[in-house]
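Written below as structure tokens is the structure these notes are about.
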Amino acid sequence: QVQLVESGGGLVQAGGSLRLSCAASGRIFSSYAMGWFRQAPGKEREFVAAISWRPPNAYYEDSVKGRFTISRDNAKNTVYLSMNSLKPEDTAVYYCTNGPRIGYSPGSWNYWGQGTQVTVSS
């Protein structure tokens, strides 16, 4: 089992920034990918960003490219999502996820955190 705990969500005005963190613990495999998804009310969970183990290649959903940056600290088993130039449409619950490989659908991932709310006001 892998436990994932997100933090860093909150309320921010449009144009502002937030940094989400996700700490992983438990049975950590030697090679795994980490990702972020989000889910707005009434919508399906959607891919935001992901980062592979080695090399740490990053992948982004088109609407967040240039605004969001995913990074990881393997020594701390932590992944981050730095979000800049936030827009009201970024409002959602953001979920951290872990799995053996990068995937763009939720079903590609094995473990999920409880989520952290991000609200961007206009």
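A pairwise comparison of heavy atoms in Gly103 and Trp109 identifies O-NE1, 2.9 Å as the closest pair. Heavy-atom minimum distance, Ser122 versus Pro88: CB-CG, 3.8 Å. When all heavy atoms of Ala33 and Ile102 are compared, the pair lying nearest together is CB-CD1, 3.7 Å. Across every non-hydrogen atom of Lys65 and Tyr60, the tightest pair is CE-O, 3.4 Å.
Looking at heavy atoms from C-beta onward, Met34 lies out of side-chain contact with Ile70 at the 4.5 angstrom threshold. Counting heavy atoms from C-beta outward, Asn74 and Trp53 have side chains that approach closer than 4.5 Å. At a threshold of 4.5 Å between non-hydrogen side-chain atoms, the residues Tyr95 and Leu4 do not count as touching. Side chains of Met83 and Leu20 form a contact here, defined as non-hydrogen atoms less than 4.5 Å apart.
Here Ser108 pairs with Ser105 under the side-chain contact (heavy atoms from CB on, under 4.5 Å) rule; sequence neighbours left out. With sequence neighbours left out, the salt bridge (Lys or Arg N to Asp or Glu O under 4.0 Å) criterion links Arg67 to Asp90.
Taking CZ from Phe37 and CD from Glu44, the interatomic distance works out to 11.5 Å, rounded to the nearest 0.5 Å. Within the model, atoms CG of Asn57 and CD1 of Ile51 stand 8.0 Å from one another, a figure rounded to the nearest 0.5 Å. Residue Tyr80 holds its OH atom at 5.0 Å from CG of Asp73, rounded to the nearest 0.5 Å. Here Arg19 contributes atom CZ and Ser82 contributes atom OG; the two are 5.5 Å apart, rounded to the nearest 0.5 Å. Atom CG of residue Leu11 and atom CD of residue Gln117 lie 9.5 Å apart, to the nearest 0.5 angstrom. How far CZ of Phe47 is from CZ of Arg38: 11.0 Å, rounded to the nearest 0.5 Å.
Using the six-membered ring where Trp is involved, Tyr94 and Phe68 have ring planes that are tilted, between 30° and 60° apart.
Taking the centre and axis of the six-membered ring of Tyr32, the NZ or CZ atom of Arg72 falls inside the cone set by 45° and 6.0 Å.
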Evaluate side chain to side chain contact (heavy atoms under 4.5 Å, CB included) for Val2 paired with Trp112, printing each intermediate quantity in order. CA-CA 9 Å; Val2 175; Trp112 295 86; over 6 Å; no

Would you please test Val118 and Leu18 for side chain to side chain contact (heavy atoms under 4.5 Å, CB included) and show each step? CA-CA 9 Å; Val118 172; Leu18 283 173; 3.9 Å; yes

